[in-house]
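Below is one structure, written out as C-alpha cells; the observations come after it.
Just follow the structure's listing: the first ligand is 1, and inside any ligand the first atom is 1. Not measured: the values here are computed from a predicted model. We're numbering straight along the sequence, starting at 1.
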Amino acid sequence: MLRTLHRMLPAPEARALAALTAWLSTAAVLQGIVLGLAGITIAALLNAGDDDPWPRLVALAGSSVAFVIVQWAAQLIAFRTGSQTARALHTRLGEHVARLPLGWFTPIRQTELIDTATTGVPQLMSYPAILLRPAITAILTPIAAATTLALLDWRYSLAVLATTVVAWYASTLSQRLARTVDTRRHRTSIEAANRILEYATRQPLIRTDQRPEDVDALDHALRDAARESRRSTVTVLPGLLLFSLTLNALFAALITLGILWVTDATLTVPAFVGLLVTTARLTAIAAAGAELAAGLRLQHGALTRIGSVLDARPLPVLKLPPVETSSGNVLANVEGISFRYGDDPVIEDVSFTLPRRGLTALVGPSGSGKTTITRLLARFWDPTNGRIALDATDLRSIEPDRLYAQIAMVLQDDYLVDATIRENIRAANPSATDADMCRAVRSAGLDSTLAELPNGLDTPTGPGGARLSGGQRQRVSIARALLKAAPLTIMDEATSALDPENTRLVSAAARELARTGSVLVIAHNLDTIVNADQVLVLDRGRIIQRGTHAELARRDGHYRTLLDAQWAR
Ligand SMILES: Nc1ncnc2c1ncn2[C@@H]1O[C@H](COP(=O)(O)OP(=O)(O)OP(=O)(O)O)[C@@H](O)[C@H]1O
C-alpha cells in the first residue's frame, strides 16, 4: 500500500512520504530497542548481585529519550505529510480527470468520482497522518526488540522473530479475506448512492408518472447495500478472531518455551521474567495494530479506487498524416465510421461531410444514433472503424484543447457553472468585447429574460444553473455558442419543445451561426430542417437518405414517413 501511494504522488510529496517512512521506521526500531533493553534491565535488576544493572539502566534511559524525541518529530511530520498527500491526490485526480475523454463520464463513474474525491482522498489523508505509524511499528518494533533480546537469550530471540512472521502472515490473511467483501460492499453502496441521486433528481417525473419501478430500483439498491454491509461485518469477524487467537497462541507458545528452558536450567528465572515483560508488551502492540486494520482496509480500498481513475487513459493524440478532402469547402469529413457501446453496434458505416459554412440537420427516430454521431464528432470516443477529420486533420491527432476550441455545443439541458450569467457566457470567449456579448445576448433572446432579473447579467445561475428555468438555461447556452462562433457548432433541439419561443431561438441561432460556420443540428423542428443546406436521415445507425428538405419531401421513403408522422400534424 505504501509503495502504491508513493507511486501515485508527485515527486515532492513522494519524497516527503519516503522521509516520513524513514522517521517512523527509526522510531519503531528505537521502540523495539527500548522494549528489549527493558526486558534485559529487569532481568539484571532481579538478578541483583550477579549483574551490574547500571550500564543497562543508562542504555535504557538513553534509548528511551531518543525514542521519545524521534517519535515526537515523526508525528509532527506525519500530520503535515497527511495534508500534503490529500492535496496532491486531489490535484492529480483533477488534472487527470480533465484529460479523460468525455465518454468516460458515465453516471456511475461520476458518482464514484464524487465518492473518491470527497471520501476516499480524506480517508487516505489519515494513512500517513495516523495509521502508517502503527503499521510500521507492528512489524519493525518486534524485530528490533527480538534482536535486542538476543543479548539475553538468542534462542528466545529467534522464537520471537518466528512468531512475528507467523503473526504478520495471519494478519495479512485476515485482511485479504475482508478485502473481497469490502469491494462488494463499496460497489453496492455506490449503486445505492446513484439510485438515491436519480430518485432525487427525477422526483417530478416519478411523482407525475407514478413509476413504481423507480422506487423498486431504489429499494433494491438500498437493500443490497444493507445486506453487503451486514455481510462484511460478519465476514470480517472470523478474520479478526483468527488473528486474535493466533496472537494468544503464539504468546502461550513463547511462555511454554521459556518454562521448558527454565526447567532444564538453560534459562534463569530473572531472564525469563525480563523476556516475558517484553513479549507481553509486543503482543499488546500487535493487537493494537490489528484493531486499526479496518481503517487500513478502508484506505486500501480508497487507494485502489483512486488508482483505477488514474489508470483510465486519455484518448491518445496520434501523429497522423493530413487527410485529403475532396474540396477546400469541407470542414468535417466523416468517412465510413462505425461505433458500438460494448457489444451493441450503434453506428454502421456512416459517411458525410460538413461544409465550412452551412446548416446540416440530423433527423431520425429515437435511438437511431443521432446523439452518438455528434459525440463522435466531439471525440467523446473514437469510432471503432473509419475516421473523422476536422479541417483535414484526423480528430485522433488533434490536441484536446485545440479540438474543443473548434467546437461549440448547445445541448437540450445544458449544465451551467455556479457563477453569474455573464461569467457563464463569457467563458466561451474570454476575449470577446462587450459589444459582441450584447449581440450574443440579444440574438439568444436573453435580453427580455435579463430585463426581468434584478441583477441582469450579474444574476447568479446557482449550481448547475438551478436558479434559471430550463428555457433560460438553454438561452444562456445559445448565447455562449453565438459568442464562441466556433468553426463547428453542434446543437440538440429540445424533443419536447420547452416553449415555441425557445424552439424558434435555437432555429434562428442555428441559421445565424451557419452564415459564418458549420452547424450540425439534431433537428426536431421543421423550421430548422426546411432551412438546412443538407438533411441526413438516420435509421438504426445508418444514413438512409440525404438531400435538402425539398428533395427529400418529394421522394417516397423514410423522410416522408417521418415528416407525415412527426411534423405534418
Ligand atoms: N452510453 C451508452 N451506453 C450504451 N448504449 C447507449 C449509450 N448511449 C446510447 N446508447 C444506445 O445507442 C443507441 C443510439 O442512441 P443515441 O442516443 O445516439 O440515439 P438518438 O437517435 O440520439 O436518440 P434520441 O433521439 O432518443 O435522443 C440507442 O439504442 C441507445 O440505447
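- Using modelled atom types and a 3.5 Å distance limit, the side chains of Thr433 and Asp436 yield a donor-acceptor pair.
- At least one N/O-N/O distance between Thr371 and ligand 1 falls below 3.5 Å.
- Ligand 1 does not have Gly342 within reach: every non-hydrogen atom of the residue lies 4.0 Å or more from it.
- Counting heavy atoms only, Tyr341 comes closest to atom 10 (N) of ligand 1 of the residues Phe380, Tyr341, Trp381.
- Crowding of His220 atom NE2: a count of heavy atoms from other residues, nucleotides or ligands under 6.0 Å not exceeding 12.
- The distance from atom OG1 of Thr489 to atom CD of Glu512, rounded to the nearest 0.5 Å, is 10.5 Å.
- Distances from ligand 1 to the non-hydrogen atoms of Gly364 include no value under 4.0 Å.
- Interface atoms of ligand 1 facing Pro365, defined by a heavy-atom separation under 4.0 Å, are 21 (O).
- Only the side chain of Val346 comes within 4.0 Å of ligand 1, counting heavy atoms alone; its backbone N, CA, C and O stay farther away.
- At a threshold of 4.5 Å between non-hydrogen side-chain atoms, the residues Ser368 and Val363 do not count as touching.
- Atoms of ligand 1 lying under 4.0 Å from at least one heavy atom of Thr372, given by number and element, are 14 (C), 15 (O), 16 (P), 18 (O).
- Checked by atom type and distance alone, the side chain of His96 pairs as donor or acceptor with a backbone atom of Leu310 at under 3.5 Å.
- Side-chain atoms of Asp533 come within 3.5 Å of backbone atoms of Leu359 as a donor-acceptor pair (strictly under, hydrogens ignored).
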